[in-house]
Amino acid sequence: MKESEKMFNPEFVDQEASIVLVGSFNPKIFHPQWFARHEVVPEVDLEGADVEIIHPEIAKFTFPWVNIEVLQNRFTARTKDVAHYSPLRDLVISTFSLLAHSPVRQFGMNLTMLYTANDEDSWHKIGDTLAPKTVWEKSLPERVGLLSMRVQSQRTDKLPGKITVSVESRPEYGVSISFNSHVDLGEDDSLQDILSEYWEATIDQGKMICETTIREALK
């Protein structure tokens, strides 16, 4: 490998998958014991559960492998454990099979990957490639750096929705790339069926897009 290629080889640091539902929810019913009682999670998960708040307007708690936050209009479940990406999907499917009358209008299948650049030059190269600074350098007096950006694309499958990719600068030469696969649900659409069919392929797609973005930005 050439020395220049080594210089622009970012280090993969971490990743997180999440499923976010938008609809109408009753946060106070979402409690670790509810999930265990209905066998959505095993009883052993209660031992490591940490409840931050259970309130009519918000529920926020963690099991050893997943974080859950419920607002009146949003349900979010996320995990950093790659081995639990499939259980994350299963948790959401089981939960909303039990709560079949909770209206869900749209949802997102998401993957975020975090990288660290080798040095300041390669860190800036990512931003300069993805968002050229020529225009800004004509008006701003100092070095221009990318803080965040979002791009959007139409889906290529039969689902209604869109795909969004976000790039954000992080401290110490960090860069996060987030992939959001957004789906609008019609009256006859099944959240459970879509998650069952598309989750694994969506995670693979998100990983491919994140890896391609960081690789192409550092060419």
If two hydrophobic side chains count as joined below 4.5 Å and joins carry through other members, does F12 share a cluster with I126?
-> yes
When you measure from the side chain of W65 to the backbone N and O of H84, does any donor-acceptor pair fall under 3.5 Å?
-> no
Does T212 use its side chain to pair, donor to acceptor, with the backbone of I209 at less than 3.5 Å?
-> no
Same apolar cluster: Y85 and Y198, side chain cutoff 4.5 Å = yes
When you measure from the side chain of D204 to the backbone N and O of A201, does any donor-acceptor pair fall under 3.5 Å?
-> no
Take atom CZ in R150; do more than 12 heavy atoms of anything else shown fall under 6.0 Å from it?
-> no
Under 4.0 Å between a Lys/Arg side-chain N and an Asp/Glu carboxylate O for R155 and D184?
-> no
Is a donor on one side and an acceptor on the other found under 3.5 Å between the side chain of S166 and the backbone of S178?
-> no
Could you give me the CA-CA distance, side-chain angles and deciding distance for F30 and L99, then say whether side-chain contact (heavy atoms from CB on, under 4.5 Å) is met?
-> CA-CA 11 Å; F30 292 90; L99 302 174; 3.5 Å; yes
Would you indicate whether Q152, at its atom CD, is surrounded by more than 12 heavy atoms from other residues, nucleotides or ligands within a distance under 6.0 Å?
-> yes
What about V183 and V165, same hydrophobic cluster or not, with Ile/Leu/Val/Met/Phe/Trp/Tyr joined at side-chain heavy-atom distances under 4.5 Å?
-> yes
Same cluster (ILVMFWY, side-chain, under 4.5 Å), V82 and F179 = yes
Taking the six-membered ring for Trp and the full ring for Phe, Tyr or His, determine whether the centres of F61 and F35 are under 6.0 Å apart.
-> yes
Sidechain-backbone polar pair: K60 side chain, I58 backbone, donor-acceptor under 3.5 Å = no
So among T76, N110, N180, T112, which one has a side chain to side chain donor-acceptor pair (under 3.5 Å) with S18?
-> N110
Begin from the C-alpha positions of R170 and L114 and carry the test side-chain contact (heavy atoms from CB on, under 4.5 Å) through to its verdict.
-> CA-CA 9 Å; R170 297 291 183 89; L114 178 63; 3.9 Å; yes
Chi angles and distances behind the side-chain contact (heavy atoms from CB on, under 4.5 Å) call for I93, S196 | CA-CA 8 Å; I93 289 174; S196 294; 3.3 Å; yes
Side-chain heavy atoms under 4.5 angstrom apart, residues restricted to Ile, Leu, Val, Met, Phe, Trp, Tyr: same cluster for I203 and V13?
-> no
Around atom NZ of K207, are there more than 12 heavy atoms of other residues, nucleotides or ligands at under 6.0 Å?
-> no
Salt-bridge present (E200, R89; N to O < 4.0 Å) | yes
Mind checking whether F96 and F75 have parallel, tilted or perpendicular rings, split at 30° and 60°?
-> perpendicular
